[in-house]
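Chain letters run A, B, ... following the sequence lines, proteins first and then strands; every chain starts at 1. Worth knowing before you read on, the calculation uses all heavy atoms, side chains too, and leaves out hydrogens, waters and symmetry mates.
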Amino acid sequence: MASYIARRLGLAVLVMLTISFLSFLMLKMSGDLAISMAGEGSGADYVEFLRKTYGWDKPLITQYWDWLVKALQGDIGTSFYYGSPVMTLIVERMPATLALGAMAIVMALCTAIPLGMAAGRYPGRLIDKVALLVALLGVSTPIFWLSFLLILVLGLQFAVLPISGGGSFRHLIMPAMALAFYSMPAIIRISRAGMIEVMRSDYIRTARAKGLRPHRIYLGHALRNTLVPVVAVASVQFGFLLGGSVVVENIFAIHGIGYLTWEAINQNDYPVVQAALLAVSAAYVVLTLLADIVNMMIDPRIRLD
Amino acid sequence: MTMPIIEDTATARLWKRPRLPVGRFGLIVGAAIIAAILFAALLAPWIAPHSPYDQSLTNRLIKPVFMDGGSWNHVLGTDHLGRDYLSRLMFGARLSLMIGFGTILMSALVGIGLGLAAGYFGGRVDLVVMFLLTVRLSLPIMLVAISLVGLLGNSLFLMMVILACFLWDQFLVVTRSLTMRFRDAEFVQAARAAGLSDRKIMISEILPNLVSPLVVVATLEMAHAILLEAALSFLGLGIRPPDSSWGLMIAEAKDFVFFEPWLVNVPGLAIFILVAGITFLGEGLRSLYAPDGSR
Amino acid sequence: MVNPLMRGVLAIVAAGLVLLPVTALAGKDDDTLVAAFQAKLPSLDRYHAPGREGFLLGLLAYDALVYRDPNTFELKPLLATAWRQVDEKTWEFDLRSGVKFHNGDPMTAEDVAYSLSYAADPVNKVFNRMTGGWIERVDVVDPLKVRVVGKQVTPLALEYLLQLPIEPKAYREAVGIQGFAEKPVGTGPYKISGGSGNDVIFTRNDDYFEGGGKSKPAIKTLVYRAIPDVNTQVAELIGGGIDWAYYIPVDQAGKLKMMPMVDVINAETFRIGFLTLDAAGLSSPDSPLKDLRVRQAIAHAIDRDALAKTLVGGASKPIASACTPSQFGCIADVTQYGYDVEKAKALMAQAGFADGFDIDIYGYRSRPVAEAIIGYLNAIGIRANLHWMQYSAVIQQRRDHKTPIVIDDFGSAGINDVGAILPFFFAESPDDQSRDPAVTAAIREAGSTADPEQRKALYAKALKRIADEAYWTPMFSMPVNYVMSKDVTVPVPADENVEFWRATWK
């Protein structure tokens with residue numbers, strides 16, 4: 001068990017290193033940082049001075065190493081636009097995005113698992129068709145269209161939810177609904193497949209023969225049967241939600257990482273863009289790592305591989 | 001020995017597409033939708049009623065024919081710059097489909113190539129490929145796409161390349177697992193005994209067996225690419241004006257979403273129909289290829 | 001039959017939606033005015049806050065020596081009670097006694113000298129360098145008297161000074177520039193009491209001094225809220241989540257007018273819209289824009305009347321000259337380029353671009369206007385590739401010589417004199433895209449001439465040359481749509497400088 005975790009951890013670190021290198025290359029591609037930092041009208045010697053001070057005249061790999069050492073100490077550069085350390089911005093913005101993602105995934109799980117299981121219990125019946133329609137809408141609705149629709153209906157027509165901002169729990173409901181809709185299809189599929197498998201299994205027949213009440217059997221076994229893939233898919237979906245919330249954060253004016261990235265791109269503030277990418281990737285890597293460990297505890301077979 | 005771990009995590013991670021019970025009926029509906037849209041797109045220069053670029057600010061926001069104030073001259077009305085909406089929709093279909101096809105062509109090349117190599121050779125090659133897959137899955141696609149487009153400018157080709165860099169994962173996984181299954185099959189062993197090179201075996205012996213499942217993957221990924229383009233356009237980082245794509249049409253109409261909702265609904269519905277059509281087609285094909293529901 | 005688990009979940013979700021009450025965050029009841037803006041303030045230090053929002057920040061939290069009435073443009077005392085010209089380059093100011101910064105420190109001549117010198121020093125890279133750049137030095141005569149000495153004769157000295165806020169020397173030096181940008185202190189009618197997320201919260205300064213042109217606010221709390229999407233702003237206005245917004249595009253404003261809960265006011269401003277063309281070839285030595293005929297073709301390709309009437313709307317009018325029509329020194333009698341696609345195409349052909357060319361165009365304000373301009377350019381063969389960014393990024397790109405064409409607009413900081421706009425865009429300024437020595441000479445001379453008639457003549461010379469050479473494509477004047485809740489009256493200024501401290505509940 002410990003060795004599984006150790007290897008899994010090693011993989012996570014390796015992935016993060018690769019991503020950090022890729023994002024570092026992107027930062028380098030964004031132009032001469034010395035010129036950007038010096039600003040317009042600065043003399044060539046000032047630019048040269050900055051280049052020396054920050055080591056931007058060294059070979060790329062040395063620069064990456066220097067950057068990495070600093071990054072591990074929590075220094076990932078300074079925003080050109082805000083003038084403050086990038087780390088501060090990320091730490092300030094991450095909670096909103098995490099809260100939004102968490103809420104969205106909980107909503108998606110709470111609706112998609114029952115729907116998928118019901119669809120799998122009665123394949124071909126009305127509930128299955130409903131699940132099909134929801135899944136189809138989920139994969140083919142542009143998220144911004146849905147967002148405006150939600151604003152129109154829940155924000156204005158019925159006026160039950162605040163429209164923009166991230167001040168409270170209630171502010172996150174609408175954007176989380178928009179995001180959740182997007183990850184429902186995957187979860188519907190998994191739980192539907194899990195249910196179908198359970199229905200076909202021998203132990204259901206045995207249990208039925210023993211006279212156990214059907215619903216309890218289905219629920220108990222199907223839930224257990226789908227838990228492992230659902231945990232895996234949920235962690236992946238959570239990662240997608242973190243990265244995919246750009247549009248939603250923009251529409252609902254939520255002070256999160258997605259909005260920050262979009263704003264930074266519009267401001268050519270690439271140190272922030274790089275850090276945002278890293279932060280979201282790191283969140284994803286950590287989540288999947290946790291999901292794997294959780295799954296290993298649920299299902300000991302994984303350990304044996 | 002980290003390989004099995006990578007494999008576990010990477011395959012488990014994959015966004016498993018909803019397998020939908022659409023069947024043969026779906027196949028027909030899907031194919032009909034795609035054919036109609038392809039027809040409109042390909043023939044747009046000849047059958048579109050107006051030029052998609054002719055703007056006339058005095059004739060802006062004319063309503064479509066099915067609403068009060070509409071006329072047959074502009075069947076779907078005109079947009080905020082007075083351009084004929086039906087013509088823009090038809091020309092927009094060209095770009096949206098081009099993005100879909102172009103992206104899929106490139107990503108299929110990458111995914112299938114890597115998948116064949118990983119599945120056929122196994123061992124270290126597989127290890128490296130699966131590591132690449134893990135890295136790819138750890139990158140937030142939307143954030144990276146908008147960053148790169150913001151950085152490198154928004155040309156059509158570049159956008160397809162960027163999207164292709166992200167949409168190869170499904171191709172890889174399907175190709176790899178099937179290749180592994182066929183690796184030791186009799187016909188492959190026979191080919192090997194006949195002295196065929198590894199490359200030849202992969203391309204002419206194994207690949208033909210993968211066509212139908214890969215077509216399914218391609219349709220689903222195409223839908224994904226079209227939606228991603230729409231989102232990029234919404235953020236102002238997609239197709240550049242005055243060209244039109246369905247995503248850009250929604251983006252340009254978004255300021256009217258509350259007051260002239262048809263401007264958003266027309267391209268929004270078009271995207272929905274296209275994506276649903278592609279999904280139906282893909283799922284229908286899958287049910288033909290594996291009617292028992294196994295994968 | 002429905003799965004029991006699902007039924008339970010649905011019940012919980014439904015109950016959740018019903019039980020959560022909607023509390024109005026904005027409004028009369030808690031004496032809080034919520035105003036929406038598209039951009040966040042990157043810095044709360046007026047000297048480093050860009051754009052119109054920076055200007056508003058300066059008025060809310062800070063005071064300058066002098067105040068200008070936003071409707072009559074009359075100059076009134078503020079931190080200075082009186083001023084006089086000692087000689088043609090030197091101004092003397094008597095400072096108001098007893099004024100305190102929000103942290104309790106008294107405002108003295110030292111703070112004035114510190115702030116103005118900070119703005120004057122190019123090393124500090126304040127956002128608008130024109131306003132401080134003319135200052136040679138600031139002499140402290142006694143604790144309540146300063147003398148500001150210009151580098152040359154500066155006719156607009158007071159207009160610049162009213163844009164330079166006085167910041168507390170001791171506090172700012174103690175917390176540093178970055179610290180100050182986060183927790184700033186001024187003397188203005190509102191204190192910055194914090195912020196979270198997209199909000200900056202301004203609280204009434206109850207000790208605000210009497211006797212200046214500004215007054216103690218009627219409304220206790222003002223929330224500056226960044227909402228990037230205009231639709232969301234519109235939805236919030238309808239739903240009552242915000243009380244005030246501006247720059248609402250004409251189409252939405254037209255619909256909002258019919259809504260019972262808001263007032264829409266279309267007000268004239270100094271703002272004009274135009275294209276800056278890289279006539280000097282800064283972005284590329286073989287830029288097609290170096291050819292006069294290409295620039296003229298662009299001027300002929302754009303239907304200013306249609307743009308003004310439809311996409312800008314309201315009181316917008318087409319303009320032909322590189323200035324706001326009401327400004328001192330602005331002349332409309334320059335070379336006119338009417339909308340004429342055929343002529344534009346002919347000019348393109350003469351310049352050797354019968355097949356057109358590809359070019360980069362930058363924009364930040366109105367996406368529809370940008371799309372329309374690209375459409376007009378496309379009609380004469382110019383395939384413009386749009387780069388859509390925020391204002392400060394576009395300006396930065398232009399200052400880095402990367403922008404062949406910018407779809408730009410300028411509000412002259414509300415100064416009713418062409419001296420506020422021409423030196424910003426010509427005369428070898430960072431934003432000068434033409435670098436024409438004749439224009440530069442005329443503008444520079446006018447900028448250091450006191451005689452009004454002579455200045456007028458020099459500016460006329462520059463404007464004529466700009467139009468002859470088609471360095472700019474002036475397009476239209478830009479009135480602004482203010483939308484506000486029916487519960488509140490926020491006076492509408494003529495120069496976009498909204499004075500929230502004069503806002504009152506009805």
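In this structure, chain B has a heavy atom under 4.5 Å from the side chain of Met259(C), while its backbone stays farther away. Interface residue Asn378(C): only side-chain heavy atoms are found under 4.5 Å from chain B. With a 4.5 Å cut-off on non-hydrogen atoms, Ala379(C) does not touch chain B at all.
When the shell of 6.0 Å around CZ of Phe66(B) is examined, it contains more than 12 heavy atoms from other residues, nucleotides or ligands.
Comparing Asn385(C), Thr310(C), Asp360(C), Val230(C) by heavy-atom pairs within less than 4.5 Å of chain B, the highest count is held by Asn385(C). Note on Ala370(C), Gly254(C), Gly375(C): by heavy-atom pairs under 4.5 Å with chain B, the leading option is Gly375(C).
Heavy atoms only, all atoms of each residue included: His80(B) and Leu311(C) are closest at O-CD2, 3.9 Å. Between Glu260(B) and Lys255(C), the shortest heavy-atom contact is OE2-NZ, 3.5 Å. The heavy-atom pair separating Pro241(B) from Ile374(C) by the smallest distance is O-CG2, 3.6 Å. Closest approach of Pro368(C) and Leu81(B) over heavy atoms only: O-CD2, 3.7 Å.
The closest side-chain heavy-atom distance from Ile238(C) to Phe258(B) is not below 4.5 Å. Annotation: side chain of Lys254(B) is in contact with side chain of Asn231(C) (closest heavy-atom distance under 4.5 Å).
With rounding to the nearest 0.5 angstrom, the CG atom of Asp229(C) is 7.0 Å from the CG atom of Asp255(B).
Scanning residues 37-54 of chain B against chain C with a 4.5 Å non-hydrogen threshold yields Tyr53(B), sorted by number.
In this structure Asp79(B) satisfies the salt bridge (Lys or Arg N to Asp or Glu O under 4.0 Å) test together with Arg83(B), Arg88(B), sequence neighbours excluded.
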